[in-house]
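Comments concern the structure below.
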Amino acid sequence: MRGKGLKEKLKSLLSESEAAELKSSLEIIGDLAVIRLPPGLKPLGGRLAEAIMQVHGNVKAVFSQASPVEGEFRLRRLQHLAGESRTETVHREHGCLFKADIARTYFSPRLQYERIRVARLVQPGETVVNMFAGVGCFSIVIARKAKPAKVYSVDLNPQAYRYMLENILLNRLIGVVKPVLGDAKTVVEKLKGQADRVLMPLPAKAREYLPYALQALKPQGGWIHYYDFVQAAGRGEALTEAFKLIPRSLEGFRLKAAFGRVVRSVGPRWYQIVLDVEARPSEAV
Ligand SMILES: C[S@@+](CC[C@H](N)C(=O)[O-])C[C@H]1O[C@@H](n2cnc3c(N)ncnc32)[C@H](O)[C@@H]1O
């Protein structure tokens, strides 16, 4: 209903296809909104932002995305369009609260389904390592919805780590979610052989970090949730390409991608995919 309201509201400012494009780019994070404005629509930014705030009464500020998600910390530059001038907010998802600064930490509401999907796979008592945890979203949803023994939650961005600490408190998960500031490569050195399950929600480093993810697994093996980008003509082809990414064996484990899905389209012929990879020791047949 809300989305329809926005399209109606934008009728006088935009063509139908422009309104549809804007609507699909709209992300609401807590009480903040982010849109992507095609160059031709930049002069209308302020008016479009006001329209968004009128339709979504809970939105207190609107930003336009001024750069792609980039750099080691996966941040995007934001340009303020309307409303309050702050970038910190609290987002509610799956009954969990995530505090984040959308200019200084990575946060995407578009991973909402992925977070609950993975949480539903976690078995009671598991030790989970989340190598690229951001402000702790996957870790917190897992700790809330499953019954893991521990979720080691690693991030390199000191700001993300700071919010992760706050989010652990906010969601009363002290002792279950273990925050770690550092490079996942180095952290995994200390967690060698401990994990039943490893999450790798950073497609840009997936191939480089897969051997480290495997080192974190227990000797009897476990599961890796592997996120990557693939180039393909369509979603079906993207999945076919995705399954080719996983070697048959690595680091003393036999690997098998048991499940895959396209998480989202991230550009023309460019897709983010996830594979659930089962890893078992090579000698066990
Ligand atoms: C795509 S975001 C992860 C999002 C998060 N899982 C979520 O659900 O919001 C990737 C994160 O990896 C972190 N990162 C980048 N390189 C890293 C590394 N070498 N070790 C640990 N964290 C890293 C970034 O700071 C960023 O917060």
Side-chain angles (χ1 to χ4, degrees), residues 72-74 96 98 105-106 111 114-158 160-165 167-168 171 173-228 245-247 250-259 263 274-281:
E72 201 153 44
F73 298 159
R74 311 308 294 150
C96 305
F98 303 133
T105 61
Y106 178 92
L111 293 173
E114 249 326 278
R115 294 193 263 261
I116 195 73
R117 187 187 74 79
V118 172
R120 286 182 181 139
L121 296 170
V122 175
Q123 301 301 305
E126 279 190 6
T127 295
V128 179
V129 174
N130 182 359
M131 290 173 88
F132 310 111
V135 300
C137 307
F138 272 93
S139 310
I140 286 168
V141 175
I142 288 172
R144 261 297 174 83
K145 302 291 173 188
K147 290 191 167 53
K150 287 182 218 88
V151 185
Y152 291 101
S153 199
V154 186
D155 206 281
L156 190 60
N157 176 356
Y161 174 76
R162 182 168 81 74
Y163 281 101
M164 195 198 304
L165 293 178
N167 289 329
I168 292 168
N171 293 280
L173 291 169
I174 300 165
V176 181
V177 178
K178 308 265 191 194
V180 188
L181 174 63
D183 183 334
K185 259 184 204 176
T186 325
V187 175
V188 158
E189 285 288 308
K190 292 175 203 131
L191 297 175
K192 248 183 194 157
Q194 293 191 38
D196 297 287
R197 188 177 297 274
V198 180
L199 276 59
M200 304 182 65
L202 176 54
K205 288 191 179 161
R207 295 169 206 193
E208 181 188 346
Y209 276 65
L210 181 59
Y212 299 92
L214 289 164
Q215 285 172 19
L217 288 179
K218 288 180 175 170
Q220 67 267 34
W223 289 88
I224 308 278
H225 300 285
Y226 176 92
Y227 295 82
D228 206 339
L245 294 172
I246 300 299
L250 193 65
E251 295 289 330
F253 290 103
R254 277 181 301 117
L255 306 182
K256 186 171 171 242
F259 173 83
V263 176
V274 58
L275 296 170
D276 296 347
V277 179
E278 189 174 13
R280 296 296 163 204

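We number each residue from 1, following the sequence as shown.
Looking at Asp228 and Arg207, their side chains come closer than 4.5 Å, going by heavy atoms from C-beta outward. Under the 4.5 Å side-chain criterion, counting only non-hydrogen atoms from C-beta, Ser139 is not in contact with Val128. A 4.5 Å side-chain heavy-atom check between Arg117 and Asp276 finds at least one atom pair inside the cut-off. Counting only heavy atoms from C-beta outward, the side chains of Ile224 and Leu217 approach each other to under 4.5 Å. Using a 4.5 Å heavy-atom cutoff, the side chains of Glu126 and Ile142 are not in contact.
In terms of heavy-atom proximity, Ala146 sits nearest to Ala119 at CB-O, 3.6 Å. When all heavy atoms of Arg280 and Gly222 are compared, the closest pair comes out as NH1-N, 3.5 Å. Contact between Phe73 and Tyr106 at its shortest, heavy atoms only, is O-CB, 4.0 Å. Minimum interatomic distance between Gly221 and Pro281 (heavy atoms only, all atoms of both residues): N-CD, 4.2 Å. Residue Thr127 comes nearest to Ala149 through the heavy atom pair OG1-CB, 4.4 Å, listed as atom of the first residue, atom of the second, then distance. Summarising the geometry of Ala133 relative to Asp155, their closest heavy-atom pair is N-OD2, 3.6 Å, with the distance given to 0.1 Å.
Residue pairs meeting the ring pair (Phe, Tyr, Trp, His ring centres under 6.0 Å) criterion with at least one partner in residues 188-207, sequence neighbours excluded, are absent.
The distance from the CE atom of Met164 to the SG atom of Cys137 is 9.5 Å, given to the nearest 0.5 Å. For the atom pair CG of Leu202 and OH of Tyr226, the computed distance is 11.0 Å after rounding to the nearest 0.5 Å. Put simply, CD1 on Ile168 and OH on Tyr163 are 15.0 Å apart, with the number rounded to the nearest 0.5 Å. Summarising the geometry, atom CG belonging to Asn167 is positioned 10.0 Å from atom CG belonging to Leu173; distances are rounded to the nearest 0.5 Å. To the nearest 0.5 angstrom, His225 atom NE2 is 10.5 Å from Phe259 atom CZ. The CG atom of Leu156 sits 12.5 Å away from atom CZ of Arg74, with the distance rounded to the nearest 0.5 Å.
For the pair Lys205 and Glu72, the salt-bridge criterion is met [side-chain N within less than 4.0 Å of a carboxylate O].
Listed by chain and number, the residues in a side-chain contact (heavy atoms from CB on, under 4.5 Å) with Tyr161 are Leu165, Pro179, Leu181 (sequence neighbours excluded). Legend: residues meeting ring pair (Phe, Tyr, Trp, His ring centres under 6.0 Å) with Tyr212, ordered by chain and number and at least two apart, are Tyr209.
With hydrogens and angles ignored, the 3.5 Å screen pairs a side-chain donor or acceptor of Gln123 with a backbone N or O of Leu121.
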Stepwise, does the side chain to side chain contact (heavy atoms under 4.5 Å, CB included) test hold for Phe98 with Val141? CA-CA 10 Å; Phe98 303 133; Val141 175; 3.7 Å; yes
